[in-house]
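Below you'll find the structure, written out as structure tokens, and then a few comments.
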Amino acid sequence: MSEVAQAALSVDEALQRSARGDRAALRALYESEAPRMLGVALRILRRRALAEEAVHDTFVQVWRRAGGFDPARGSGRAFLYAMLRNRALNILRGEARTDLTDTLDEAVPSEEEGPEQVVVRLSEAGALRRCLDGLDPRRRNAIVLAYAHGLSHGELAGRLGLPLGTAKSWLRRSLLALRECLS
């Protein structure tokens with residue numbers, strides 16, 4: 001048997017043993033695959049801390065979901081790297097969402113605090129504040145409620161009394177306007 005086939009077999013076997021709760025198998029899998037996985041994550045995320053987080057999160061998922069691995073559907077290595085890729089892309093999406101809130105205070109806004117109070121807390125000289133001030137007040141409120149308060153599209157539509165499609169389009173257009181303003 002070739003070395004590649006032996007390595008693939010050991011990854012498959014380690015996944016199956018991990019599904020049965022074998023921590024030593026997970027450790028062996030981590031030791032053999034984590035360095036390569038870190039390289040892949042670095043190519044996707046371009047930041048070491050985020051890449052390390054993606055690898056860590058992937059192995060947590062492996063521990064929880066190794067039972068979902070089916071050797072008939074593909075190799076164990078493909079299973080691992082698909083999980084890693086998905087986690088890295090989710091981290092990228094999360095980074096894109098938080099880019100707009102970088103200049104917000106560290107404190108999480110309270111439920112009583114309205115969108116206008118959050119905007120007031122932004123630095124007067126901040127580019128984000130200037131760009132937010134350039135938006136229509138209703139759309140600015142939608143952006144702040146979504147990104148500072150974490151409201152989903154549905155929650156936002158309910159809070160503002162808008163159809164769901166309108167809330168989504170307001171956010172999209174406002175984010176495009178902010179991106180253009182900040183560039």
Side-chain angles (χ1 to χ4, degrees), residues 19 37-38 40-69 73 78-183:
M37 292 173 74
L38 182 60
V40 170
L42 273 169
R43 282 191 295 265
I44 295 170
L45 296 166
R46 302 188 197 289
R47 289 182 24 207
R48 185 168 189 88
L50 291 177
E52 289 172 352
E53 176 185 338
V55 171
H56 175 268
D57 291 352
T58 299
F59 276 98
V60 169
Q61 281 185 313
V62 166
W63 181 249
R64 292 179 181 156
R65 297 181 26 204
F69 168 63
R73 293 179 56 198
F79 180 79
L80 276 178
Y81 286 86
M83 289 176 79
L84 175 66
R85 178 185 173 275
N86 291 338
R87 182 63 194 128
L89 292 175
N90 285 341
I91 289 172
L92 277 178
R93 288 184 200 110
E95 284 288 298
R97 269 196 311 270
T98 58
D99 282 348
L100 291 176
T101 60
D102 283 346
T103 58
L104 288 176
D105 257 293
E106 290 296 318
V108 176
S110 67
E111 286 297 316
E112 309 82 50
E113 187 175 33
E116 287 301 320
Q117 287 88 9
V118 173
V119 173
V120 168
R121 288 191 301 136
L122 291 173
S123 161
E124 287 291 331
L128 181 57
R129 168 81 187 254
R130 180 180 45 79
C131 292
L132 281 169
D133 284 342
L135 292 176
D136 173 73
R138 295 176 302 162
R139 292 181 184 198
R140 178 177 57 238
N141 288 347
I143 289 286
V144 173
L145 287 170
Y147 289 91
H149 289 277
L151 267 60
S152 68
H153 290 120
E155 292 167 331
L156 184 64
R159 170 98 44 106
L160 297 178
L162 299 169
L164 180 60
T166 301
K168 287 181 178 181
S169 67
W170 276 17
L171 284 177
R172 177 156 173 71
R173 288 182 192 143
S174 299
L175 287 173
L176 290 172
L178 286 174
R179 179 180 292 158
E180 185 177 313
C181 178
L182 290 169
S183 63

| message | Looking at every heavy atom in both Val62 and Leu80, which two are closest together, and how far apart are they? | response | CG2-CD2, 3.4 Å
| field | NZ/NE/NH1/NH2 to OD/OE distance under 4.0 Å, Glu155 and Arg159 | value | no
| Just how far is it from atom CZ of Phe69 to atom CE of Met83, taken to the nearest 0.5 Å? | 11.5 Å
| Nearest heavy-atom pair of Leu135 and Ser174: which atoms, and what distance? | CD1-CB, 4.2 Å
| task | Applying side-chain hydrogen bond (donor to acceptor under 3.5 Å, both in side chains), name anything that partners Arg173, two or more places apart in sequence or on another chain. | result | none
| So do Val55 and Arg87 actually touch side chain to side chain, heavy atoms under 4.5 Å? | no
| note | CG of Leu84 to CG of Leu38, rounded to nearest 0.5 Å, is 9.0 Å
| query | So which heavy atom on Leu145 is nearest to which on Leu156, and how close? | reply | CB-CD1, 3.7 Å
| note | The reported gap from OG1 in Thr58 to OH in Tyr81 (rounded to nearest 0.5 angstrom) is 10.0 Å
| query | Is the closest side-chain heavy-atom distance between Cys181 and Arg130 below 4.5 Å? | reply | yes
| Does some side-chain heavy atom of Ile44 sit less than 4.5 Å from a side-chain heavy atom of Val40? | yes
| field | Smallest separation among heavy atoms of Ala54 and Ala41, with atom names | value | CB-CB, 4.4 Å
| task | Could you pull out all residues at least two apart from His153 that satisfy side chain to side chain contact (heavy atoms under 4.5 Å, CB included)? | result | Leu164, Lys168, Leu171
| request: Might you work through the side-chain contact (heavy atoms from CB on, under 4.5 Å) test for Asn86 and Gln61, ending with a clear yes or no? | output: CA-CA 11 Å; Asn86 291 338; Gln61 281 185 313; over 6 Å; no
| Could you give the distance from CG (Leu178) to SG (Cys131), rounded to the nearest 0.5 Å? | 6.0 Å
| request: Check Leu45 against Ala88 and note the closest heavy-atom contact, atom names and distance. | output: CD2-O, 3.3 Å
| message | Just so I know, are the side chains of Asp133 and Arg140 near enough to count as touching, which here means a heavy-atom distance under 4.5 Å? | response | yes
| note | CG of Asp57 to CD1 of Ile91, rounded to nearest 0.5 Å, is 5.5 Å
| field | Side-chain heavy atoms of Arg73 within contact of Phe79, under 4.5 Å | value | no
